[in-house]
Amino acid sequence: MEVTDTDVHGIHWGQYNFDDKCFFLENLTNNKKILRVPLNKITHSQLNNKTEIVLEMDPEKEGDDFLCEMRLFVPAVSDIKADNEKPENAVENSTRRAETLNGEIISRAKIGEFTGEKIVSFQDILLTMPRGKYTIDFYKNLVRFHGSSFDHKIPYKNINRAFLVPLPDDNFSVLVLGLEKPIHQGSTGYPYILIQIRRDIEENVKVNLKPEQIAADYGDALKEEYEGPQHEVITKVLKAMAGISIIIPGDFKTSNGKSAFRCSVKAREGHLFPLAKALLFIPKPVIYIKHDDIIRAEFHRVSGTNQNKLIDLILIQKNGVQHPFVGIQKEELENLKRYFEQRKIAMKQVNDAEFYGVNEEEDDDDEEEGKVGDKEERRRRAKKKVNEEELDDEEEEDEDFVADGDEDDDDEDDDFDAEEDKE
């Protein structure tokens, strides 16, 4: 049994050191160990800024409480003479010490050795979430996103869904990766990665594997060389390496013949993609809603004056959560109705004026006569009446929805290969 002399006074700073198995901090006064981290538990180490190192650890058993992240602050050396040291030199000194410690942790913990050789690499790829330009390196078991400030290694098994969607401007495609375990930058978690790629950029890459190794490990899924539009090349490599399906938009088209339309979620503008078995909103926040989870689709601001050219769509899920998508062009109403009708999703058209029991003529009369109190009372009673009618309608719509729900099983999402077959 190993006996360790440990400092238990609650001190959280000290001198770092290593042995064959652990990284640890020691109290500067009595040389007792303050903390100890097994090197084989550290899966990732990176500089978060000039003076901070972030250590990531993997759990021993899923479901148990475990230490998943630790941050180390590396100050400037304490024996600098204040008279001779300029502030910018102190920051530079601290940065060098942080880089030295980070490099030593990576070396001693053998981080990255398990990844093997890079199989395919793409340079200067724009990510909109998390934002920045990254180099994307594909290894046998993971994909690495290496940026100027952050470095993320994502095992393929952590990617639970993927989409390739074209933006309506026809200049960019977005590759959306859904993660089972979010990546982190500081305290911000990212359950999705959004890769935005220009459609007019051509790419030619060679796979860094021998033909016999490709045949043995990947069969016909991975080719020796790829050439074509960059968004298609990256998607093909990801599909082959990760062994996942890449979903593309189906047969839904807007009034302009696009696969998505512009709308807003709260104060953020984006695009909503009605897919074959779900709806996807990007870029921020990323919202993914399966058809099976939707109890009803409501259309608001449909009736009214001709000046109102925008409508709102509210998707209500079975768990009670509502997702409002506002500011949709009115021309998309019939396309959306047809889309939900084909998927056997219940719909309800809500006129906001009728919902509150007020029409334009009554509004004008009340304003002229000054009957503000009567108008508010009429709104309250009418709203209560409409709510009661809504409850009756919901029961009928829900029964129809459940009864027809099984008929949608054959409506499969289009896969990326399906698009290739059409071409």
Side-chain angles (χ1 to χ4, degrees), residues 41-46 48 54-59 61-64 66-70 111-112 114-115 118-122 125-147 149-165 173-197 231 234-248 265 268 270-273 275 277-290 293 317 321 323 413 415-416:
K41 299 299 180 185
I42 302 175
T43 60
H44 189 52
S45 177
Q46 71 176 26
N48 195 28
V54 180
L55 304 181
E56 296 180 8
M57 279 73 74
D58 265 356
K61 296 180 180 179
E62 292 187 6
D64 294 342
F66 62 91
L67 177 65
C68 61
E69 183 177 288
M70 178 184 294
I111 298 174
F114 67 94
T115 60
K118 286 187 291 187
I119 297 176
V120 184
S121 183
F122 299 93
I125 303 299
L126 177 63
L127 269 63
T128 56
M129 182 183 295
R131 183 168 294 277
K133 281 194 173 182
Y134 289 77
T135 296
I136 304 179
D137 298 326
F138 288 90
Y139 295 84
K140 183 176 181 179
N141 297 315
L142 60 84
V143 57
R144 178 192 180 196
F145 293 86
H146 177 63
S149 302
F150 295 94
D151 191 356
H152 301 288
K153 296 183 178 71
I154 303 173
Y156 296 132
K157 63 181 180 181
N158 191 31
I159 304 175
N160 54 19
R161 60 177 62 97
F163 309 89
L164 179 67
V165 292
S173 286
V174 179
L175 182 58
V176 183
L177 304 182
L179 306 179
E180 186 174 340
K181 296 179 181 178
I183 60 174
H184 290 82
Q185 290 187 359
S187 58
T188 305
Y190 296 94
Y192 287 90
I193 294 178
L194 270 61
I195 307 171
Q196 185 166 302
I197 313 168
H231 68 282
I234 294 177
T235 303
K236 291 175 182 178
V237 172
L238 174 66
K239 180 180 174 68
M241 299 293 298
I244 59 175
S245 296
I246 311 294
I247 304 304
I248 62 174
V265 173
R268 296 185 178 273
H271 294 95
L272 183 64
F273 291 84
L275 306 176
K277 301 186 73 173
L279 291 100
L280 176 69
F281 178 85
I282 59 172
K284 191 175 182 180
V286 178
I287 300 176
Y288 174 68
I289 310 173
K290 293 181 178 179
D293 296 333
Q317 293 186 269
V321 177
H323 295 280
D413 285 322
D415 187 67
F416 181 68

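For reference, positions follow the sequence shown, starting with 1.
Going from atom NZ of K133 over to atom CG of L127 covers 11.5 Å, rounded to the nearest 0.5 Å. With rounding to the nearest 0.5 Å, the separation of CG in L175 from CD1 in I246 is 6.0 Å. Rounding to the nearest 0.5 Å gives a distance of 6.0 Å between NZ of K290 and CZ of R161. The distance from atom CG of L194 to atom OG1 of T128, rounded to the nearest 0.5 Å, is 4.0 Å. Once rounded to the nearest 0.5 Å, the distance linking CD1 of I197 with CD1 of I234 reads 4.0 Å.
Of all the heavy atoms in A242 and Y156, the pair that sits closest is CB-CD2, 3.6 Å. When all heavy atoms of R144 and D151 are compared, the pair lying nearest together is NH2-OD2, 2.7 Å. When all heavy atoms are compared, the tightest approach of Y139 to M241 is O-CE, 3.0 Å. The two residues R268 and P285 make their nearest non-hydrogen contact at CD-CD, 4.2 Å. Closest of all the heavy-atom pairs between K181 and N158 is N-OD1, 2.7 Å. Closest of all the heavy-atom pairs between G189 and P191 is O-CD, 3.7 Å.
Here N160 pairs with E180 under the side-chain contact (heavy atoms from CB on, under 4.5 Å) rule; sequence neighbours left out. Scored by the side-chain contact (heavy atoms from CB on, under 4.5 Å) test, K157 finds P155 as partners (sequence neighbours excluded).
No donor-acceptor pair closer than 3.5 Å links the side chain of Y192 to the backbone N or O of L177.
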Would you sort out whether L164 and H231 count as a side chain to side chain contact (heavy atoms under 4.5 Å, CB included), showing the intermediate values? CA-CA 9 Å; L164 179 67; H231 68 282; 4.2 Å; yes
Could you please spell out the steps behind the side chain to side chain contact (heavy atoms under 4.5 Å, CB included) verdict for Y134 and I125? CA-CA 5 Å; Y134 289 77; I125 303 299; 5.5 Å; no
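Residues Q185 and H152 are in side-chain contact: their nearest non-hydrogen atoms beyond the backbone lie under 4.5 Å apart. For the pair I289 and Q317, the minimum side-chain heavy-atom distance is below 4.5 Å. No side-chain heavy atom of L280 sits under 4.5 Å from any side-chain heavy atom of I247. Between L126 and I195 there is no side-chain heavy-atom pair separated by less than 4.5 Å. Between P283 and M129 the shortest side-chain heavy-atom distance does not fall below 4.5 Å.
Screening I183, T135, I154, D137 for a side-chain contact (heavy atoms from CB on, under 4.5 Å) involving F145 leaves a single residue, I154. When each of L279, V265, I282 is tested with L272 by the rule side-chain contact (heavy atoms from CB on, under 4.5 Å), just one qualifies, namely L279.
Y288 and F163 have their aromatic ring centers within a separation under 6.0 angstrom.
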